Amino acid sequence: MTSAEAGALRRLAPPARRFLAHRKGVLVRLALWSLAESGQAFLVGHAVARSVDEGFLAGDPRRGLLWLGVALVAVLSGARVVRGVFAQLAGVTEPLRDGLVRRAVDRSMARAAPGGPGGTDRAAVSRLTNQVEIARDSFAGLVLTLRSFVFTAAGALLGLLSLHPALLVVVLPPLAAGLALFLVTLRPMAAAQRRALAADEALGDHAASARAALRDLAACGTGPGVERRGADLVADAAAAARTLAGWAAVRTAALGVAGHLPVLALLIAVEWLRGHGVSVGALLGAFTYLVQSLLPALHTLMTALGAAGSRLLVVLDRILGPETETDRVPVPDRVPEPVSVLKSQPGPSTASASAAAFAVDMAAAPAVELRAVTLSYGARAEPVLDALDLCVAPGEHLAVVGPSGIGKSTLTRLVAGTLAPSSGEVRVAGRPVTGRPAAELAALRVLVPQDAYVFSGTVGDNLAYLSTDACRAELDAAVGAFGLGPLVERLGGLDGTVRPAELSPGERQLVALVRAYLSPAPLLLLDEATCHLDPASEARAEEALAGRAGTLVVVAHRLSSAVRADRTLVLDGVRARCGTHAELLDRSPLYRDLTGHWNS
Ligand SMILES: Nc1ncnc2c1ncn2[C@@H]1O[C@H](COP(=O)(O)OP(=O)(O)OP(=O)(O)O)[C@@H](O)[C@H]1O
């Protein structure tokens with residue numbers, strides 16, 4: 001038994017004793033019905049033996065039939081006995097379930113109450129439904145099988161003894177050997193089961209945390225390490241499953257030894273038994289005991305005991321035992337430590353190696369060019385964008401506006417190259433973007449989505465993530481330009497630690513904007529990336545971004561964004577218009593509507 005199990009047993013023993021002590025009456029009635037089960041098992045074999053010896057073989061078929069009638073009554077009365085057992089069983093299992101439900105509810109209420117530990121009790125629903133039912137079913141199964149085995153075995157062995165003691169000499173050794181083998185498998189099998197469960201959980205945890213941290217993993221380049229760890233965990237889980245299967249095979253062998261060898265031994269020893277005065281009727285009675293009572297009870301015991309016992313222990317400890325950390329919602333712990341990328345001295349703010357390799361002549365080509373671009377999200381779906389043409393000059397500041405769901409984010413994703421058009425062509429800095437490798441796209445543009453990304457690491461690493469050449473002076477200047485000073489100070493300066501969960505959505509957006517600002521990519525795409533900022537912070541951020549060398553495309557969140565831009569693209573279903581604020585007020589009814597809506 002592991003120390004965890006021993007601890008769980010120690011914790012559960014006192015409440016279990018109290019629980020049983022309060023139900024003495026039910027337990028006595030259950031024992032009485034079980035005794036009836038013993039009597040029934042005893043009677044069946046005994047009646048068969050008497051019917052043969054005193055009836056059919058003694059030339060008295062009437063007496064034989066009479067004893068068979070007794071056996072039949074004993075078999076039929078089994079139904080009444082089982083009914084009685086189940087009725088009493090409910091008197092133990094249902095109070096157990098009610099008590100567990102009460103306990104689970106009390107614990108959740110205590111958490112939510114003022115002064116409680118707070119947080120979401122995410123395990124409460126599972127405890128109230130799944131775990132309570134598992135505990136009740138496992139407990140009922142254990143009581144049924146253990147009790148049935150003990151009383152049936154007692155009845156059958158007494159019956160064998162009453163028929164002839166020599167029968168026990170033949171039947172008991174294989175029975176005991178099988179039982180012993182079964183008992184030997186209990187602990188290693190439970191350990192193998194726990195190991196398999198733990199390996200399974202570890203693999204599940206790893207997959208879930210890797211999924212949650214995909215962006216961080218990609219950002220920090222730690223994907224291969226996580227992949228290797230995943231492969232190790234898969235190998236662990238497979239090894240644990242193999243060990244478990246090995247012990248399951250031993251258990252099956254134990255069942256075979258205890259379940260079938262006694263019958264075989266009885267057949268082989270028929271001559272010897274007859275020589276020791278065992279009658280034919282006693283032999284038939286012995287077979288009846290084995291096949292009818294003992295072996296089915298043994299089979300049920302062996303298949304039910306191992307799994308149900310440890311399951312019950314684990315679940316009861318989860319509900320009644322001390323609250324564990326895993327019951328609470330954890331603060332996301334997302335990333336491995338990123339490598340520090342800050343330099344202390346100013347240096348040329350060059351693009352990364354891939355950017356340099358992909359350097360383009362910005363003056364020669366439009367910053368963004370869409371040629372008859374159509375995008376449908378499905379073969380039969382209506383196009384979101386239909387034959388859209390657009391040309392954005394290098395250095396230009398373009399705002400994109402339109403009603404919700406009209407295709408603004410779709411447009412930014414097309415330009416960013418993360419979405420391929422159904423037809424037409426998208427170029428950035430003169431290069432087609434569709435199908436281009438991520439590293440080359442990263443050198444061309446930065447897309448800042450509404451849901452800003454920050455990772456656990458230093459403030460400096462978060463800000464300089466896209467500009468590994470940035471020095472402290474450049475970072476300080478950017479922080480000032482975006483009004484991020486108070487936040488950086490609060491976090492302990494550029495070397496302070498960012499914990500993503502502790503930043504407000506607006507603060508996250510500012511970090512992401514400064515990061516984009518420092519990037520050497522010639523094109524910035526902001527998709528409602530300032531929606532959590534107040535108007536003043538938004539204006540300051542957009543002014544800083546517009547002052548940066550390069551092209552700016554902003555999905556506008558407020559009218560002021562459109563007014564600040566050189567031109568605005570109004571998406572209006574199949575039509576799209578592009579112009580200055582004044583031109584659009586004059587020419588686009590939708591733009592007039594939108595500005596009216598924004599102003600109101
Ligand atoms: N992955 C997708 N699969 C199917 N349909 C999509 C997908 N993404 C967007 N759409 C649909 O395409 C249309 C345009 O969506 P898009 O997000 O580009 O609009 P939007 O103008 O940015 O909207 P909002 O202002 O609300 O963000 C919507 O009808 C949307 O439901």
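All values below were derived from every heavy atom in this structure, side-chain atoms included, with hydrogens, water molecules and symmetry-related copies excluded. These figures come from a predicted structure and were not determined experimentally. One-based numbering, in listed order, for ligands and for the atoms of each.
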message: Pairs of nitrogen or oxygen atoms closer than 3.5 Å, one from S404 and one from ligand 1: do any exist?
response: yes
- request: Examine the proximity of ligand 1 to V384 and report which part, side chain or backbone, both or neither, has a heavy atom under 4.0 Å away.
  value: side chain
- request: Over all heavy atoms of both residues, which pair between V454 and N462 is shortest? Give the atoms and the distance, please.
  value: CA-OD1, 3.5 Å
Is the shortest side-chain N to carboxylate O distance from [X] to [Y] below 4.0 Å?
{"X": "E543", "Y": "R564", "value": "no"}
{"X": "R472", "Y": "D495", "value": "yes"}
{"X": "R427", "Y": "E425", "value": "yes"}
{"X": "R97", "Y": "E133", "value": "yes"}

Ligand-residue contact atoms, ligand 1 with [X], heavy atoms, under 4.0 Å:
{"X": "G405", "result": "13 (C), 14 (C), 19 (O), 20 (P), 21 (O), 23 (O), 24 (P), 25 (O), 26 (O), 28 (C), 29 (O)"}
{"X": "K408", "result": "18 (O), 19 (O), 20 (P), 21 (O), 22 (O), 25 (O)"}
{"X": "T410", "result": "14 (C), 15 (O), 16 (P), 18 (O)"}
{"X": "S409", "result": "17 (O), 18 (O), 20 (P), 22 (O), 27 (O)"}

task: Specify the protein heavy atom at minimum distance from atom 3 (N) of ligand 1: its residue, its atom name, and the distance to 0.1 Å.
output: Y377 CD2, 3.4 Å
task: Please round to the nearest 0.5 Å and tell me the distance separating atom OG1 of T530 and atom CD of E528.
output: 8.0 Å
query: Less than 4.0 Å between atom 29 (O) of ligand 1 and some protein heavy atom, yes or no?
result: yes
